[in-house]
Amino acid sequence: MASKQVQEKGELFKLDGKPSFGEAFPQAMQHVLAMLVGNITPPMLIAGACGLSDAD
């Protein structure tokens, strides 16, 4: 039984492995959040450097 658990966890690291939804979903959400932060931060920094108000 322990070898089956190790084998299932190894699917995540295989080249052609297919992780379960429970393993893949948190990683997908991490990528979505990283994308949002990367797209929102530069305009905020530029607006702050230009002295724009919050409404602008």
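Numbering of residues begins at 1 and proceeds along the displayed sequence.
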Query raised in the report: Which residue pairs pass the side chain to side chain donor-acceptor pair (under 3.5 Å) test with at least one member in residues 44-53, sequence neighbours excluded?
Result: S53-D56

Output a table of donor-acceptor pairs, distance under 3.5 Å, between side-chain atoms of residues 34-42 and any protein atom two or more places apart or on a different chain; print 'none' if there are none.
{"from": "N39", "atom 1": "ND2", "to": "M35", "atom 2": "O", "distance (Å)": "3.2"}
{"from": "T41", "atom 1": "OG1", "to": "V37", "atom 2": "O", "distance (Å)": "2.7"}

Requested in this report: Keeping to residues at least two apart or across chains, list the ring-ring contact (aromatic ring centres under 6.0 Å, His included) pairs with something in residues 25-56.
Outcome: F21-F25

